[in-house]
Each structure stands twice: as structure tokens, then as C-alpha cells.
A.B. asks: 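Quick one: the structure is below, and I'll ask about it shortly.
Sequence lines set the chain letters: A, B, ... in the order given, protein chains first and strands last, and positions in each chain run from 1.
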2 protein chains.
Amino acid sequence: MNTLEFAKQKLTEVGLKATQQRMVILAAVQQSKNHPSPEAVYEKVRVNNPSISLGTVYNTLDIFVEKDLIQTVLAKNGLKRYDGRLGNHNHIHCVNTNEILDFEDEELNDLVLEFLKRKKIENLDIRKFSLHIQGEKIDEKKNIKIH
Amino acid sequence: MNTLEFAKQKLTEVGLKATQQRMVILAAVQQSKNHPSPEAVYEKVRVNNPSISLGTVYNTLDIFVEKDLIQTVLAKNGLKRYDGRLGNHNHIHCVNTNEILDFEDEELNDLVLEFLKRKKIENLDIRKFSLHIQGEKIDEKKNIKIH
DNA sequence: TCTTATTTAATAATTGTTACAAATTTAAAA
DNA sequence: TTTTAAATTTGTAACAATTATTAAATAAGA
Ligand SMILES: [Mn+2]
Ligand SMILES: [Mn+2]
Ligand SMILES: [Zn+2]
Ligand SMILES: [Zn+2]
């Protein structure tokens with residue numbers, strides 16, 4: 001099953017009409033490794049769907065978050081960014097490149113989950129958690145900053 | 001020493017002229033428990049300093065981050081928010097109230113720090129980390145959602 | 001096919017933020 | 001103290017990201 005077929009199936013599962021626009025937008029976010037902004041999604045899908053509108057991208061992304069097909073990711077610069085990966089995972093924020101990289105680690109998840117279970121937080125129904133690691137990307141060979 | 005005196009001292013320490021505006025803005029962020037937006041800081045300081053300008057609040061907050069007097073905190077809605085607390089600490093994001101609460105826990109910090117030391121991340125110079133806990137605030141008595 | 005509801009495209013409006021120039025304040029020099 | 005220059009602030013304009021609006025297009029059902 002290709003990515004569009006998969007998107008179509010997901011859309012119908014949550015009760016959304018599987019329009020062309022929704023399918024390509026969902027596929028774009030899910031394939032993306034970059035935690036893309038609405039603008040980035042727009043530029044990507046526009047290549048094969050030149051008539052698609054930026055407003056539609058904004059609206060559709062919000063609908064997808066509502067339906068739990070994708071999630072929002074927090075970004076320092078105040079731009080909206082989305083994440084096709086659901087479930088608990090962690091993020092590395094590069095202070096120099098502004099990239100947001102996924103950092104998946106089962107051991108870390110277990111570690112935190114166990115901690116949270118032990119240390120009950122009053123009056124809070126925990127939904128998800130994510131470790132945000134802020135650091136500087138360095139060049140592996142020369143140990144200098146990457147621009 | 002009152003909070004304004006303390007702010008004055010901090011400002012001179014980092015080489016900034018301790019103007020009235022800077023002192024009250026710094027004191028406002030440091031006293032705030034809410035991770036305030038620029039607008040919120042503005043409303044707060046405006047009470048006793050009616051002639052202060054919103055632009056000054058924006059500029060000054062950025063200067064403070066630059067000088068490491070305060071830090072930015074990531075917010076989902078794309079608004080800028082600031083944090084008078086430096087150093088590694090964690091945040092609880094309430095999905096229903098939109099509050100961002102501090103969650104300080106020495107044990108958790110050690111846990112994560114030890115993990116990160118053990119599990120070296122390639123080509124990354126880690127600066128700080130923070131656990132984001134997303135959850136729903138519930139009423140302690142009746143176990144229903146707080147609005 | 002006809003009818004109706006849903007979705008989209010195009011564009012206008014709004015919002016949060018930044019840029020700017022004139023006015024004010026501060027600090028230093030004379 | 002006055003003079004001068006630099007730094008800061010104010011008030012407002014500009015900007016960019018997002019949201020709202022509305023007419024056209026599309027899809028589904030009768
Ligand atoms: Mn995040
Ligand atoms: Mn914005
Ligand atoms: Zn991610
Ligand atoms: Zn905090």
C-alpha cells in the first residue's frame with residue numbers, strides 16, 4: 001500500500017472525507033522528517049498539486065490535529081510546526097541550525113514513565129510527555145560549529 | 001533587598017544600564033509564576049508605569065534573553081512566552097487551561113542527566129534539557145475537568 | 001439527474017511582532 | 001553647571017504568519 005492509499009484509509013477511519021487535498025497533505029506530513037511548517041507543507045504538495053491553496057493547508061493541518069492524525073510540535077521562533085509521528089518521543093532542538101530532530105529512545109521513555117508513575121502529580125491527568133534537548137550541532141570531524 | 005534593587009544589581013552585572021523600564025520588566029518576569037507573554041508583562045508593568053511602551057517590553061525581553069537574565073519558553077499557540085527561572089527545569093502544559101506550570105524535581109534532573117551522559121548523542125553539544133508534560137488539569141474533589 | 005451538504009480557492013482581515021524615526025533620558029566632557 | 005554625545009524609549013508604521021470570509025467547486029445522496 002502506497003502512502004496515498006494509507007492516508008486515504010486513515011482519513012476514512014477518523015470520519016473525514018478523503019479528498020485529494022487531504023490525502024496529499026497527510027502523506028506529506030507523515031513522510032516528512034523535518035517537523036514542517038504549514039508553509040513547508042504547502043511548498044511540498046504544491047509541486048504535484050499546483051492549484052492547492054495555502055489556507056486549505058492551514059485548515060487541514062488543524063483538522064488533522066483535532067482528529068489526532070498528527071500533532072503539533074513546539075518551536076521557539078513562534079512558527080507553527082507539525083509532526084507526523086504520534087506517540088511519545090523526544091526532540092532535539094539545534095540552537096544553531098534551528099532544526100528539530102526526532103530522538104526516539106525506548107529506554108528513556110521507560111525511565112520517565114516509571115518516574116511519573118511513582119511521583120504522582122496532583123490533579124493532573126497526564127496525556128503525553130517529551131524531553132526537549134537543546135544543543136548545538138557540531139561538525140563530527142573538525143569539532144567546529146556547523147552553519 | 002527588594003525585587004527592584006535585585007533587578008538593578010542583575011542588570012549592572014551583565015553590563016546593562018539599569019533604567020526604570022528595565023528594572024520593572026525584569027522584576028515582573030522574575031516574580032511571575034505564569035511564564036508571561038510580552039503582552040502580559042506589559043499589562044503588569046503598565047499599572048505602575050503607565051507611560052511604558054509595548055515595543056520597549058518586546059525589545060527589553062529579547063535583550064534579557066540575550067544576556068541570559070531570563071529564558072524563552074516554548075508555547076504551543078505560537079505566542080512568545082518568557083521564564084524568569086533559569087537552569088534546567090520542567091514544564092507542565094495544561095491542555096484545558098493553557099497554563100504552563102513549572103515542575104522542578106531534582107531526582108528527575110539527575111535521572112535524565114545520567115541517561116544523557118551514558119547515551120552520548122553524536123555531534124551534539126547539549127546545552128539544556130526540559131521535560132514537557134502534557135496533561136489535563138482535573139478538579140481534585142469531584143474529578144471533573146476545570147474550565 | 002437533481003439536490004444538498006461539504007470542501008476548497010481566493011482574498012480580506014486580524015494578530016503578534018518588528019522596524020523605524022523622533023523625542024527623551026542618561027552619562028560623560030568641557 | 002552647561003554642553004555634547006550616546007543610549008534608550010516612545011509612538012507609530014510596516015510586516016509576516018495566521019485566521020476569517022465568501023463564492024465557486026466538488027462530492028454524496030435521493
Ligand atoms: Mn515539543
Ligand atoms: Mn506569529
Ligand atoms: Zn517529532
Ligand atoms: Zn519555567
A.B. asks: Rounded to whole Å, please give me the gap between CD in B/Glu66 and P in D/dT8.
C.D. replies: 14 Å
A.B. asks: Kindly point out which of D/dA27, C/dT17, D/dT19 is positioned nearest to the side chain of A/Asp62?
C.D. replies: D/dT19
A.B. asks: Assert yes or no for the condition that the ring centre distance of A/His132 to B/His91 is strictly below 6.0 Å.
C.D. replies: no
A.B. asks: Any side-chain donor-acceptor pair under 3.5 Å between B/His93 and B/Asn98?
C.D. replies: no
A.B. asks: Without decimals, in angstroms, what is the distance between B/Ile25 CD1 and D/dT8 C1'?
C.D. replies: 11 Å
A.B. asks: Just how far, in rounded Å, is P of C/dT17 from CG of A/Leu79?
C.D. replies: 11 Å
A.B. asks: Under a plain distance cut-off of 3.5 Å, with no hydrogens placed, do A/Asp83 and A/His89 share a side-chain donor-acceptor pair?
C.D. replies: yes
A.B. asks: Is there a continuous path of hydrophobic side-chain contacts, each under 4.5 Å between heavy atoms, that joins A/Leu4 to A/Ile70?
C.D. replies: yes
A.B. asks: Are any protein N/O atoms closer than 3.5 Å to N/O atoms in nucleotides 8-12 of chain C? If there are, list each pair with its distance.
C.D. replies:
from, atom 1, to, atom 2, distance (Å)
C/dT8, OP1, A/Thr19, OG1, 2.5
C/dT8, O3', A/Gln21, NE2, 2.7
C/dA9, OP1, A/Gln21, NE2, 3.4
C/dA9, OP1, A/Ser51, O, 3.0
C/dA9, OP2, A/Ser53, N, 3.1
C/dA9, OP2, A/Thr56, OG1, 2.8

A.B. asks: With no hydrogens and no angle check, do the side chains of B/Glu39 and B/Ser37 hold a donor and an acceptor under 3.5 Å apart?
C.D. replies: no
A.B. asks: Rounded to whole angstroms, how far apart are CG on A/Asn49 and P on D/dT26?
C.D. replies: 13 Å
A.B. asks: Within less than 4.0 Å of OP1 or OP2 of D/dT19, is there a side-chain N or O belonging to A/Tyr58?
C.D. replies: no
A.B. asks: Whole Å only: how far is the OH atom of A/Tyr82 from the P atom of D/dA17?
C.D. replies: 14 Å
A.B. asks: Would you mind reading off the distance between B/Lys17 atom NZ and C/dT25 atom P, rounded to a whole angstrom?
C.D. replies: 13 Å
A.B. asks: Measure CG/B/Leu61 against C1'/D/dT9 and give the value in whole Å, please.
C.D. replies: 14 Å
A.B. asks: Is the phosphate of D/dT19 approached by A/Lys80 (side-chain N or O, under 4.0 Å from OP1 or OP2)?
C.D. replies: yes
A.B. asks: Looking at A/Gln71 and A/Gly84, would you say the former's side chain and the latter's main chain have a donor-acceptor pair under 3.5 Å?
C.D. replies: no
